[in-house]
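Just below is one structure, and these are the notes that go with it.
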Amino acid sequence: MSKTADKPPRVDPKQLAAAEEDLENQIEEVGRVTPPDGGYGWVVVVASFLVNMAVDGVIYTCGKILIPVWSVQFGSTSAASIAISLLTGCYYLCGPLASSFVNVFGIRSVAIGGSIVSTTAFLLSRYVDAAWQLYLLFGVLGGIGFGCMYLPSIVILSTYFSKRRSVATGIAVCGSGIGTVVFSQLNGPVFEWFGQNVGLFMIYLAAISISGAVFSMFFAPLTASDSQVAKVAKIVNQYEGHGGEEATRDLLEAVRNDLEELNRPGQQSDTFYAGKTPINRSRSNTLDKKEAEAHRAASHVVHVTEQHTVEHVAKKSKLVQIKDSLLLIWDKDLLFSPSFMTLAISGTFTVLSFLVPFIYIGEVMKKNPELTDQQRSIPLSLIGVFNIVCRVLCGIVADHPKMSALQVSNVATIIAGTSMMFVPFCSELWHFIVFCVPFSAGVACFAALRSVICVDLIGVEKLSNAFGILMVFMGIGALVGSPIAAFIKDHTGSYDISFYVMGAVFAFSGIMTIRLPQLKEWEDNRRRALGGTEMQTISLVENQQI
């Protein structure tokens with residue numbers, strides 16, 4: 001017999017790598033918790049709806065009551081508006097931090113904690129006697145609390161729903177519009193009933209906020225069952241050559257930790273996707289070959305080593321987990337992408353401008369002394385109603401084969417910005433009612449189509465990263481928008497110039513993304529010219545065909 005015959009057969013490295021990945025996929029397929037797409041999930045939808053109603057209801061309506069009072073107390077409209085802008089800005093800015101907290105501490109704990117933080121902030125705001133104290137408590141602390149309530153209320157839907165996620169998310173986010181309607185009508189009478197006492201009004205806001213903790217208690221986490229843990233442990237035993245041996249306690253504990261990591265919301269790349277069109281997760285239109293291989297490695301929780309053993313998830317401290325989660329969001333490929341940064345800056349301009357009517361439309365209506373306080377609250381209510389209707393309509397239009405989410409969003413945003421520029425010419429109630437229709441359409445399309453546009457632009461693999469970065473940019477816009485409008489008013493004596501400027505900014509945010517597909521195509525061509533890979537080339541051809 002020849003020496004060659006005594007050698008073990010060579011194993012093709014590609015076949016070995018494929019077998020290892022098949023095992024990793026098998027483990028994760030068995031261990032992943034399947035969304036029930038119904039059942040108790042509908043209870044979660046109702047709870048999420050109520051949390052959204054409480055959070056956005058307060059954010060979009062409290063300024064109408066509080067800014068006139070604080071303007072007198074602190075000497076200017078711009079000084080008073082900073083507190084509201086900080087509340088809204090920190091609500092957006094804390095998105096990445098809230099996402100990290102959710103990954104580490106769980107959805108329900110973060111939502112309840114956020115409710116307690118914002119409630120505490122509002123209660124302490126009763127005793128402030130300086131503007132900086134109001135900014136720190138009501139603005140920063142209250143905004144962070146609201147952000148930690150809002151984000152879990154959206155993330156929980158992705159764990160309970162897959163096929164029906166667009167329906168579930170659509171119902172839940174309607175809470176924002178309903179909250180605007182309800183509290184815009186309720187705040188005024190409550191404030192009058194309290195004798196226009198701001199301290200008592202803060203207790204009222206705190207009561208709304210703490211209700212979020214009650215609703216968040218229904219955010220029950222889905223975890224892997226004991227039978228799933230046992231099945232995965234058996235697969236691991238067999239692969240490592242232990243055959244039919246009973247799984248040890250250490251192995252079961254390691255597997256349970258693996259599956260806990262596997263089913264974390266942060267492991268789902270499409271957590272923030274709420275579109276109706278199914279996502280093709282088998283390829284990316286943004287990753288080159290090297291990046292794709294790294295992505296596949298990072299996407300697996302359990303790894304197979306060359307020593308024919310299974311490498312389990314390493315346990316880390318809470319602080320390290322939070323740090324790792326935050327660092328993961330700041331994706332340098334996105335930060336250095338011209339097309340994505342154009343989208344992010346556009347979002348900054350949109351949020352910078354669209355919050356102005358929510359806060360100041362009632363003040364503009366005071367130009368007509370015949371309008372009562374009740375009548376001046378009607379536009380905010382109608383914006384809430386139209387927002388709900390327009391979210392549904394823009395989704396239907398964007399799903400049309402000949403339309404794109406970006407086109408729909410751009411047109412709606414430009415029209416909405418233009419309508420803001422006509423607000424100074426409004427005098428009668430029906431004028432303001434007409435304004436609410438195009439403005440609500442722009443706001444609704446921006447809110448409803450963000451995740452769909454992101455998936456079209458950068459792919460689902462980096463959606464969570466992109467969403468975190470976008471929230472930071474939107475937070476910056478929310479921080480500076482209303483103070484700029486108030487500053488203009490303080491120096492001109494009216495809100496007319498504020499609405500001209502902010503309307504133009506709103507329209508420009510839509511104009512600047514009209515050529516975004518062409519910019520993305522140029523970016524892909526440039527990457528290919530500088531050494532793009534086969535995967536990029538295929539992706540580019542597919543995108544051009546689409």
Side-chain angles (χ1 to χ4, degrees), residues 49-74 77 80-81 83-84 87-88 115 118-119 121-128 134 138-139 142 146 149 174-215 355-388 426-433 435-436 439-440 482 495:
F49 172 94
L50 294 171
V51 169
N52 277 270
M53 178 177 170
V55 171
D56 286 352
V58 170
I59 285 178
Y60 292 133
T61 65
C62 69
K64 179 177 179 293
I65 299 294
L66 295 173
I67 284 184
V69 178
W70 288 339
S71 296
V72 175
Q73 183 177 354
F74 300 114
T77 305
S81 68
I84 302 297
L87 177 72
T88 312
S115 174
S118 58
T119 300
F122 295 147
L123 290 176
L124 292 177
S125 296
R126 297 182 61 202
Y127 306 106
V128 302
L134 185 68
F138 183 89
F146 273 170
M149 291 168 65
C174 280
S176 174
I178 297 296
T180 304
V181 173
V182 171
F183 292 115
S184 65
Q185 295 296 318
L186 190 60
N187 289 351
V190 168
F191 189 57
E192 293 296 328
W193 190 58
F194 286 149
Q196 297 188 352
N197 186 308
V198 175
L200 293 177
F201 190 76
M202 285 297 175
I203 295 178
Y204 159 75
L205 294 182
I208 297 172
S209 179
I210 198 63
S211 70
V214 178
F215 306 142
L355 292 172
V356 171
F358 284 98
I359 300 173
Y360 299 120
I361 191 72
E363 295 298 305
V364 174
M365 296 178 73
K366 287 182 179 179
K367 291 191 299 184
N368 185 345
E370 296 180 3
L371 296 177
T372 64
D373 288 342
Q374 194 67 22
Q375 287 175 319
R376 287 199 294 269
S377 67
I378 289 176
L380 269 186
S381 300
L382 290 178
I383 289 173
V385 173
F386 293 150
N387 188 279
I388 296 170
C426 297
S427 57
E428 302 299 325
L429 178 61
W430 71 269
H431 296 166
F432 293 99
I433 291 174
F435 155 75
C436 291
F439 176 75
S440 300
S482 59
Y495 286 100

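Below, each value reflects all heavy atoms present in this structure, side chains not excepted, and no hydrogens, waters or symmetry copies. Everything quoted here is computed from the prediction, not taken from an experiment.
A donor atom on one side chain and an acceptor atom on the other are not found under 3.5 Å apart for Glu370 and Gln375. Between the side chains of Ser427 and Asn368, no donor-acceptor pair is found at a separation under 3.5 Å. Residues Ser118 and Ser209 have side chains that bring a donor and an acceptor to within less than 3.5 angstrom of each other.
For an aromatic pair to be called close, the ring centres must be under 6.0 Å apart, and Tyr204 with Phe201 satisfies this.
Atoms CG and OG1, on Asn187 and Thr61 in that order, are 4.0 Å from each other to the nearest 0.5 Å. Of the inter-residue distances, the one linking Met53 atom CE with Leu50 atom CG reads 7.0 Å to the nearest 0.5 angstrom. Between the OG atom of Ser125 and the CD1 atom of Ile203 there is a distance of 11.5 Å, given to the nearest 0.5 Å. Within the model, atoms OG of Ser176 and CG of Asn387 stand 6.0 Å from one another, a figure rounded to the nearest 0.5 Å. The distance from atom OG1 of Thr180 to atom CD1 of Ile388, rounded to the nearest 0.5 Å, is 8.5 Å. Expressed to the nearest 0.5 Å, how far SG of Cys62 lies from CD1 of Ile208 amounts to 9.0 Å.
Using bins of under 30°, 30° to 60° and over 60° for the plane-to-plane angle, the ring pair Phe138/Phe122 lands in the tilted bin. Between Phe439 and Phe435, the ring-plane angle classifies as parallel under the 30° and 60° cut-offs.
Using a 4.5 Å heavy-atom threshold, the side chains of Lys64 and Glu363 count as separate. Between Tyr60 and Ile383, every side-chain heavy-atom pair lies at or beyond the 4.5 Å cut-off. No side-chain heavy atom of Ile378 sits under 4.5 Å from any side-chain heavy atom of Cys436. Side-chain contact check for Phe183 versus Leu380: every heavy-atom pair is 4.5 Å or farther apart. Residues Thr88 and Phe146 are not in side-chain contact: their nearest non-hydrogen atoms beyond the backbone lie 4.5 Å or more apart. Within the 4.5 Å cutoff, the side chain of Trp70 has heavy atoms near those of the Ile84 side chain. For the pair Leu355/Ser482, no side-chain contact is recorded, criterion being any heavy-atom separation below 4.5 Å from C-beta on.
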**Q.** Audit row: Leu429, Met365, side chain to side chain contact (heavy atoms under 4.5 Å, CB included) steps and yes/no
**A.** CA-CA 8 Å; Leu429 178 61; Met365 296 178 73; 3.8 Å; yes
Q | Intermediate values then yes/no, side chain to side chain contact (heavy atoms under 4.5 Å, CB included), Gln196 and Val69 | A | CA-CA 9 Å; Gln196 297 188 352; Val69 178; over 6 Å; no
Q) Would Tyr495 and Tyr360 count as a ring-ring contact (aromatic ring centres under 6.0 Å, His included) if you check the C-alpha gap in whole Å, the side-chain angles of each, and the deciding distance to 0.1 Å? A) CA-CA 8 Å; Tyr495 286 100; Tyr360 299 120; 4.9 Å; yes
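Taking each heavy atom of Ser115 and Ala213 in turn, the nearest pair found is OG-N, 3.1 Å. Nearest heavy atom pair, residue Val51 against residue Phe215, reads CG2-CB, 3.8 Å. Between Ile361 and Phe432 the shortest heavy-atom distance is CD1-CD2, 3.8 Å. Between Gln185 and Ser377 the shortest heavy-atom distance is NE2-OG, 3.3 Å. Smallest separation of non-hydrogen atoms from Ser71 and Ala80: N-CB, 3.5 Å. Heavy-atom minimum distance, Pro189 versus Leu186: CD-O, 3.3 Å.
Residue pairs meeting the salt bridge (Lys or Arg N to Asp or Glu O under 4.0 Å) criterion with at least one partner in residues 374-385, sequence neighbours excluded, are Asp373-Arg376.
When each of Leu66, Leu123, Ile65, Thr119 is checked for a side-chain contact (heavy atoms from CB on, under 4.5 Å) with Leu205, only Leu66 meets the rule.
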